[in-house]
Amino acid sequence: MTTKIAIFGVGLIGGSLALCFKGREGLHVVGHAHRPESAAKYVSRGVVDSATLSFEEAALDADFIFLCVPVGMLEDYLLRLSKLPLKKGCIITDVGSTKASIAACAASIDLPDVYFIGGHPMAGSERSGVEAASSLLFENAYYVLTPPPDIPEEAYEALKTLLVHTRAQIVRLEPQRHDEIVGAISHLPHIIAVALVNQVHGYDSADSLYSTLAAGGFRDITRIASSEPVIWRDILLNNRSVMLELLKDWNEEISAFVELLENEDGEGIEQAFQEAGGFRSKLPDRRKGMITPLFDLHIDVPDHPGIIGRIATELGDQGINLSNVQIIESREDVPGIMRLSFRQESDMERAKVLLQRHDYTVYV
């Protein structure tokens, strides 16, 4: 007997889920597309078994439905599904990074013999779209499920069993608790990064040296400020009440630093850094999370034509995947500094050995 899995929103997350399921014995993955060319692309790239432009065709007879659309569209999709004669026992889930609102929506509508279980795979990529989809995206990541209290345990276990194919670690949470935690570790850092970049942008309007000297560390720690604006608009508004409380706490933290500086309290500043460093050192560094890590190498390279291509080819010939390449400084009389970014620490380590073998000076 074949299990039908419908994916609405075959992008980075939806496409990666599809790749985790596709080809497994007894599973058939159907992707919903809005345009014929998209449907053809999903199939030609081998992401899904079949694709359809029909909302109803994708949903009907599905055993599992994954809503992988932006947070701002989730409730509309769920309402549309509630008006269809879905298969008895069908399990609907989503991948949104906020959970309380969609859980409340599901509880407020009639879904006879159908179960909704909120979901949030806590993994991502700097790239987007189905072209970036990978069956390895969720490996070693946390995948949060937020089932309602009255959900039959067999329905929860069915979804959990299916998600084994993602090789993620399943965590069961109450929706509001999820939003509070993710708000603190992901949503708040995005706001802080955006505010910091905009603050420096304001200074740079009067003195362009700010942007000139902001290369390197500043660019690295504010990388998430370049996240998709519309997606983050919806996430933050959706998690509004949590974010307002978190921002109040953040203002208290900043006010404490203001007080330390006003009082010239060197011991207090030192203690704050020690406390932060101690806590950060205990955080897991081998597990994927919502803010995608990058592993960087820096190389001294002469400003010679073709040097970037030569290094990229040497890495590619060994199957080492590069995420990004940047020349931080390059002048005619001074060696340039090339930064190579990798998504996997193992790729960074292999690249380091290879480049040192080719007599490049490499810094981590």
Side-chain angles (χ1 to χ4, degrees), residues 5-9 11 13-14 17 32 55 59 62-84 86-124 138 141-163 166 168-188 190 230-246 289-290:
I5 302 170
I7 308 284
F8 289 86
I13 301 297
L17 283 168
H32 174 255
F55 189 96
D63 297 279
F64 296 90
I65 297 175
F66 285 81
L67 301 181
C68 305
V69 297
V71 167
M73 300 170 62
L74 284 173
E75 293 187 16
D76 288 340
Y77 271 69
L78 194 55
L79 288 170
R80 288 181 67 182
L81 288 173
S82 71
K83 298 174 183 177
L84 298 178
L86 299 177
K87 184 176 182 178
K88 183 177 181 180
C90 173
I91 296 172
I92 304 171
T93 187
D94 74 310
V95 299
S97 65
T98 60
K99 299 268 65 80
S101 61
I102 190 64
C105 176
S108 70
I109 60 179
D110 187 24
L111 292 169
D113 298 317
V114 172
Y115 308 110
F116 176 81
I117 301 174
H120 180 202
M122 296 181 66
F138 311 110
Y142 287 112
Y143 198 122
V144 178
L145 293 179
T146 58
D150 58 347
I151 193 81
E153 198 61 25
E154 56 268 27
Y156 174 79
E157 288 298 326
L159 178 57
K160 185 178 176 182
T161 299
L162 178 66
L163 292 174
T166 66
Q169 181 172 331
I170 306 300
V171 178
R172 186 171 185 165
L173 284 177
E174 188 274 328
Q176 183 64 26
R177 187 179 179 209
H178 165 277
D179 288 0
E180 291 167 357
I181 294 173
V182 173
I185 65 173
S186 173
H187 303 171
L188 181 61
H190 278 79
V230 173
I231 290 176
W232 277 94
R233 175 200 66 191
D234 291 346
I235 290 173
L236 295 178
L237 289 177
N238 194 276
N239 205 22
R240 176 177 172 270
S241 60
V242 169
M243 297 317 302
L244 287 173
E245 290 302 314
L246 288 171
M290 292 189 65

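No donor-acceptor pair under 3.5 Å is formed between the side chain of Thr146 and the backbone N or O of Leu173. The closest donor-acceptor contact from the side chain of Ser186 to the backbone of Gly183 lies at 3.5 Å or more, if one exists at all.
Shown here for Pro121 and Ile13, the closest heavy-atom pair between the two residues is CG-CG2, 4.0 Å. Shortest non-hydrogen contact noted between Ile91 and Ala158 is CD1-CB, 3.9 Å. Residue Val69 comes nearest to Met73 through the heavy atom pair CG2-CB, 4.0 Å, listed as atom of the first residue, atom of the second, then distance. The shortest heavy-atom contact between Ala123 and Ala141 is CB-CB, 3.9 Å. In terms of heavy atoms, Val71 sits closest to Asp234 at CG1-O, 4.3 Å. The two atoms that bring Ile109 and Ser82 nearest to each other are CD1-CB, 3.9 Å, heavy atoms only.
Pairs passing the side-chain hydrogen bond (donor to acceptor under 3.5 Å, both in side chains) check and including a residue from residues 62-80, sequence neighbours excluded, read His34-Tyr77, Asp63-Lys87.
Ion pairing between a basic and an acidic side chain is recognised when a charged N comes within 4.0 Å of a carboxylate O; Arg172 and Glu153 show such pairing.
Asp110 is listed as a side-chain neighbour of Pro112, based on a closest heavy-atom distance under 4.5 Å. With contacts defined as side-chain heavy-atom distances shorter than 4.5 Å, the pair Phe116/Pro148 does not qualify. Annotation: side chain of Leu86 is in contact with side chain of Ile65 (closest heavy-atom distance under 4.5 Å). Met122 is listed as a side-chain neighbour of Ile185, based on a closest heavy-atom distance under 4.5 Å. Looking at Thr93 and Leu67, their side chains never come closer than 4.5 Å, going by heavy atoms from C-beta outward.
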Go through Ser241 and Glu245 one step at a time and tell me if the side chain to side chain contact (heavy atoms under 4.5 Å, CB included) criterion holds.
CA-CA 7 Å; Ser241 60; Glu245 290 302 314; over 6 Å; no
Run the side chain to side chain contact (heavy atoms under 4.5 Å, CB included) test on Ile102 and Leu78 for me, step by step, so that the C-alpha distance in whole Å, both residues' side-chain angles and the decisive distance to 0.1 Å come before the verdict.
CA-CA 9 Å; Ile102 190 64; Leu78 194 55; 3.8 Å; yes
Take Ile5 and Leu17, measure what side chain to side chain contact (heavy atoms under 4.5 Å, CB included) needs, and give me the verdict at the end.
CA-CA 10 Å; Ile5 302 170; Leu17 283 168; over 6 Å; no
Could you go step by step and tell me if Phe55 and Leu81 meet the side chain to side chain contact (heavy atoms under 4.5 Å, CB included) rule?
CA-CA 9 Å; Phe55 189 96; Leu81 288 173; 3.6 Å; yes
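In this structure, CG on Leu162 lies 12.5 Å from CD on Glu157, to the nearest 0.5 angstrom. Here the straight-line distance linking atom OH of Tyr143 with atom CZ of Phe138 works out to 6.5 Å at 0.5 Å rounding. How far CE of Met243 is from CD1 of Ile235: 10.5 Å, rounded to the nearest 0.5 Å. One finds the CG atom of Leu188 at 9.5 Å from the CG atom of Leu236 (value rounded to the nearest 0.5 Å). We find the OH-CD1 distance between Tyr156 and Ile151 to be 11.0 Å, quoted to the nearest 0.5 Å. In this structure, Leu159 CG and Ile170 CD1 are separated by 7.5 Å, a value rounded to the nearest 0.5 Å.
Note: Trp232 and His187 have perpendicular aromatic rings, judged against thresholds of 30 and 60 degrees for the angle between ring planes.
Partner of Lys99 under the side-chain hydrogen bond (donor to acceptor under 3.5 Å, both in side chains) criterion, chosen from Asp179, Asp94, Asn238: Asp94.
Side-chain atoms of Asn239 and Thr98 form no donor-acceptor pair, as typed in the model, at a separation below 3.5 Å.
Under the side chain to side chain donor-acceptor pair (under 3.5 Å) criterion, His178 pairs with His120, not counting sequence neighbours.
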